[in-house]
Amino acid sequence: MIGFEKDKEKRAEEFEDEDEFDFEEELFDKSQEEKEEKEIGIDLGTTNSVLSYMDKEGAVNFVKIAGDILIPSYLFFKDKETIYFGNKAKSYAKGMVQGTGIHLFKRRLRADSEKFVVKQKKEEKTEEKYYIFDTNVFLDQPDILEGMKKNEKVVLPITVEQELEYRKRESNTKYSAERALEQLLLWNERIIYEESDLSLLPEDFFKKFPEDFNNANNDNRILSIVMKYQKNGGILVSSDYQLVKLKCGFVNVKAMTLKEFQILRISEEKEEEFTLSGTEATTMFLQYLKTEAEKALKQSVTKAVITVPATFNLVEIENTKKAGLQAGFQAVHIEKEPVAAAIAYNIDTKEQATTFIYDFGGGTFDISVIRSDGKGKFEICATAGKADLGGENLTYEIERFVYDYLEENYGLSMFEEEEAELSKEHYQYNKKTIYWAAENCKIELSTSEFTTMTLLDLYLTDKEQKSVILDLSRVEFEEIIKPTMNQTILEMNNGLSKAEMFKEDIHHIILAGGTSFIPCVYKQVEHYFGRKPSADKNVATLIAEGAAIIANAKYGINHRIQMQPKIFDITYEDFGIALEKWNYSCMIPAKTALPALAKRSYSLIEDGQSQLNIKIFSRKSEAKQAKKIYEKGIEYLDELIMKDLPPMKRDEVDVVVQFEITKQYELKTEVWLVKKDGTFIEKGDLVIDRQSML
């Protein structure tokens, strides 16, 4: 902290109007740009991301990765050197294989955010093991071979490829069978194909299990292969519970269900840990997106417009830009998601309009009111929302519903690990099984009136497993999420209030974000305004479309749009620092037009002070009465640390603090020590750090 404020606020002269965008340090000579370079838009979503670009005809296109436009914002660490992204990472996280899945990294970009803990296995030399996989394993987990260690041999019946080819024709197993066949081809050199030999099965086996017992022909063939490898300690892995528990038990061979195999992979490994910050995870994911975009477009991608939630604070915005630059982009422009959505919707409109953007994503919820003049000018009138509210919260509400059901019907408490009375591995298995079932339930009820949640092999105790089936209707789902949805109504009211507008002042209502697909979300917005939201754009890709338009306007050699967008933004909260006795001193008030510059003078706290810590805070516009930094509505952002101060008395020097907030909502800070005679203490003699940048 620093001492009391010495002078009243000294506001710097107004910035001159700027053309279109605040280029700042990103200015470049477009004449020098190579023709093969391309600019892209990135809707960096909490749950899914979308890549976009403008083609030579001026149309917005989307980059597909593995055939999909929506790219799951996931990373999966098989180990420190082997990392998967997108759909594959999500598949691994869902499949419970060894390793660590990371998502929601957008929620960890703050200065005080927790880091991710990534567990990796320690390699140890062990004797060879033989695993015999049943065909059904590949249908349940097509990528299962990816998790095999060097000392583990894979044994398959020679008929497995034929069986998978047959299952490709069935709609419910088509994708899994196709993926499994790709994996078999990739791992062919490590696979041992074996023929069955029914003569290896004892005579009394056929008396116990006649030909009409539970898929006898296929079971018996693979069982005979397990018998061949019995002396090598061969282990059968199958999704067929009766085969594993009854038949294998009768002939005394080792076997386990797929779920047991997955649990084993977690529990048998010795692990070590390393940490990863939200910015580092974002950097890695953006590197992946950049690489995939270059593959798809067949040209170098050097510049990007990355969108962020309207509720992102200064540090989150700066860390997103930092991640983009570290990912290899030469220039990165950060834009607010609602602004991108408004531009995508209004860029070709030649009339004045006020647009209400309702952006309900996977991890954040934003409300913005934006006025356009029909000539390319977009003025942000107000923004509201919650940085920790999104589709993930709705999934969590379903999880809690399941937890209540399990506690009431099975006496299993899943709310806390200590209450569950399960081992750590079994508790984590239950948690993941319930999470993915809840996530799928949320998605299915967006298009269906009813769905069935199947929770396979839940651990009721460490020694007892049971599959639990729950039916859930859309009506029940909407009742479950009603308290969460009510929060969005409060934020809609807040947004209109900040804009000093009524519902009747809104010309267009736009939905954006994947969670807006949920029918009750659409109905709630329609009921709120008394009219239907606009439905002529895809809510999942609307923000990315706007990002592509901005990218072309800012970085493109040949602009493909008639009106170049000009964005006029304001500060949505106060920005200031902490003084003695935890007092808050405002430097830049809310609703200040961007860019903004402010400078104030303060004193040291005591004589001979060798270090100066300047804590930076924001204060929400609705909390203007808050005077202490610990009061509700005041949020810590960052800290400036000035070390190695020369010996001085507090009345001999002024501490001059300057804040500059750019059009991209980035904070630039300066601190000077000025003697009473007006001379500066040279910065070369001081060490000045910003905590979030360390």
Side-chain angles (χ1 to χ4, degrees), residues 2 5 7 9-28 109-112 279 305-306 308 310 312-326 329-336 380 554 567-578 584-602 612-619 635-643 654-674 680-684 686-694:
I2 61 178
E5 180 182 352
D7 298 319
E9 180 177 348
K10 296 179 181 178
R11 181 71 59 191
E13 60 272 10
E14 295 278 336
F15 278 73
E16 294 181 2
D17 289 341
E18 296 185 1
D19 292 335
E20 302 176 2
F21 294 95
D22 179 22
F23 281 80
E24 300 173 1
E25 297 176 1
E26 298 173 327
L27 285 170
F28 64 94
L109 291 169
R110 296 178 174 240
D112 54 353
T279 304
V305 169
I306 303 175
V308 298
F312 256 24
N313 67 31
L314 292 167
V315 173
E316 290 170 307
I317 290 172
E318 288 175 334
N319 282 338
T320 302
K321 182 172 183 178
K322 178 181 177 182
L325 294 172
Q326 290 179 342
F329 291 105
Q330 293 175 11
V332 173
H333 176 84
I334 303 296
E335 195 53 78
K336 301 288 183 66
I380 303 174
K554 183 172 178 61
I567 301 164
F568 294 84
D569 203 350
I570 58 175
T571 58
Y572 308 116
E573 59 265 298
D574 296 340
F575 295 94
I577 61 176
Y584 173 78
S585 175
C586 176
M587 292 191 61
I588 297 180
K591 295 189 176 181
T592 301
L594 296 181
L597 184 69
K599 184 167 28 176
R600 285 195 178 188
S601 295
Y602 302 89
L612 186 61
N613 292 57
I614 303 174
K615 294 182 183 293
I616 304 170
F617 292 85
S618 65
R619 182 176 62 182
E635 178 186 22
Y636 168 79
L637 292 180
D638 211 343
E639 184 174 5
L640 294 173
I641 305 170
M642 183 179 284
K643 301 177 182 178
D654 290 342
V655 181
V656 181
V657 181
Q658 177 176 293
F659 279 10
E660 178 187 345
I661 301 179
T662 69
K663 276 194 171 184
Q664 290 190 64
Y665 231 56
E666 294 176 290
L667 175 64
K668 297 182 178 181
T669 56
E670 289 283 349
V671 184
W672 299 277
L673 294 181
V674 184
F680 287 80
I681 296 176
E682 292 296 329
K683 288 188 178 180
L686 304 173
V687 178
I688 304 175
D689 294 318
R690 187 156 160 204
Q691 187 65 33
S692 65
M693 302 302 172
L694 294 177

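We're numbering straight along the sequence, starting at 1.
In this structure, Thr571 contributes its side chain and Lys591 its backbone to a donor-acceptor pair below 3.5 Å. For Glu335 (side chain) and Val305 (main-chain N/O), no donor-acceptor pair under 3.5 Å exists by modelled atom type. A donor-acceptor pair under 3.5 Å links the side-chain atoms of Tyr584 to the main chain of Gly576, judged by distance alone.
Ile577 is listed as a side-chain neighbour of Tyr602, based on a closest heavy-atom distance under 4.5 Å. Counting heavy atoms from C-beta on, the side chains of Val671 and Thr669 never come closer than 4.5 Å. Contact annotation: the side chain of Thr662 never approaches that of Leu594 to less than 4.5 Å [non-hydrogen atoms, C-beta and beyond].
For the atom pair Ile317 CD1 and Lys322 NZ, the distance stands at 15.5 Å (nearest 0.5 Å). In this structure, CZ on Phe617 lies 14.0 Å from CE on Met587, to the nearest 0.5 angstrom.
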Checking side-chain contact (heavy atoms from CB on, under 4.5 Å) for the pair Ile306/Lys321: CA distance, chi angles, key distance, verdict? CA-CA 8 Å; Ile306 303 175; Lys321 182 172 183 178; over 6 Å; no
Chi angles and distances behind the side-chain contact (heavy atoms from CB on, under 4.5 Å) call for Glu660, Leu597: CA-CA 4 Å; Glu660 178 187 345; Leu597 184 69; 3.6 Å; yes
Before giving the answer on salt bridge (charged side-chain N to carboxylate O under 4.0 Å, His left out), spell out for Glu573 and Arg619 the whole-Å C-alpha distance, their side-chain angles and the decisive distance to 0.1 Å. CA-CA 6 Å; Glu573 59 265 298; Arg619 182 176 62 182; over 6 Å; no
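Scored by the side-chain contact (heavy atoms from CB on, under 4.5 Å) test, Glu316 finds Leu109, Arg110, Phe312, Asn313 as partners (sequence neighbours excluded). Not a single ring pair (Phe, Tyr, Trp, His ring centres under 6.0 Å) links Phe659 to another residue, sequence neighbours left out. The side-chain contact (heavy atoms from CB on, under 4.5 Å) check on Gln330 picks up Glu37, Thr302, Lys303, with sequence neighbours excluded.
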